[in-house]
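Take a look at the structure set out below.
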Amino acid sequence: MQIRRLREEQGFSLEELAERSGISFRGLIYIEHGQRNPSVLTLLCISSGLNVLPATLFEGLSVEMLDDLVSDA
């Protein structure tokens, strides 16, 4: 997912995005590092915090990468 790249492009710290998204700081770290698979609701909250459409979080990922994300869930 593109969360970290989008966050950094917009100049948000982890703390700022966590607050804007309404999710925990630690949870956001785990998601960014691929240690936790976020729920659809969490992805909606993160995209809202970043002011982007949810699909933007997945831009640039190959079909194989998306398949891996789905199979890991």
Side-chain angles (χ1 to χ4, degrees):
M1 279 184 280
Q2 304 294 318
I3 296 169
R4 182 176 184 175
R5 181 185 62 79
L6 292 165
R7 175 180 61 78
E8 290 176 345
E9 282 178 0
Q10 294 188 30
F12 295 135
S13 67
L14 281 164
E15 294 90 349
E16 289 171 320
L17 180 56
E19 185 176 323
R20 291 172 57 91
S21 302
I23 63 174
S24 73
F25 169 76
R26 187 172 302 272
L28 184 58
I29 290 173
Y30 289 146
I31 292 167
E32 277 197 1
H33 292 168
Q35 297 173 343
R36 186 170 293 160
N37 291 321
S39 68
V40 172
L41 180 59
T42 299
L43 290 174
L44 291 172
C45 290
I46 292 170
S47 66
S48 176
L50 289 167
N51 293 315
V52 298
L53 293 172
T56 307
L57 301 177
F58 301 99
E59 286 179 357
L61 296 182
S62 68
V63 172
E64 292 81 16
M65 293 173 89
L66 290 172
D67 285 344
D68 288 344
L69 285 173
V70 172
S71 66
D72 288 344

Exercise. Mind checking what makes salt bridge (Lys or Arg N to Asp or Glu O under 4.0 Å) contact with Arg7, not counting sequence neighbours?
Worked result: Glu32

For this session: Would you please name every residue forming a side chain to side chain contact (heavy atoms under 4.5 Å, CB included) with Gln2, sequence neighbours left out?
Result: Arg5, Leu6, Leu61

For this session: Nearest 0.5 Å please: distance from the CG atom of Leu28 over to the CG atom of Leu14.
Result: 5.5 Å

Which donor-acceptor pairs under 3.5 Å do side chains of residues 42-54 form with protein atoms, sequence neighbours excluded?
from  : atom 1 : to    : atom 2 : distance (Å)
Thr42 : OG1    : Ser39 : OG     : 3.0
Ser47 : OG     : Leu43 : O      : 3.3
Ser47 : OG     : Leu44 : O      : 3.0

Problem set entry | Partner residues of Glu59 under the side chain to side chain contact (heavy atoms under 4.5 Å, CB included) criterion, sequence neighbours left out | Thr56

Seminar exercise, completed: salt bridge (Lys or Arg N to Asp or Glu O under 4.0 Å) filter on Glu8, not counting sequence neighbours, yields Arg4

Problem set entry | Partners meeting side chain to side chain contact (heavy atoms under 4.5 Å, CB included) with Tyr30 (sequence neighbours left out) | Arg26, Gln35, Arg36

Problem set entry | Spacing of Ile31 atom CD1 and Ser24 atom OG [to the nearest 0.5 Å] | 7.5 Å

Exercise. With a cut-off of 6.0 Å (strictly less than), are more than 12 heavy atoms of other residues, nucleotides or ligands near CD of Glu16?
Worked result: yes

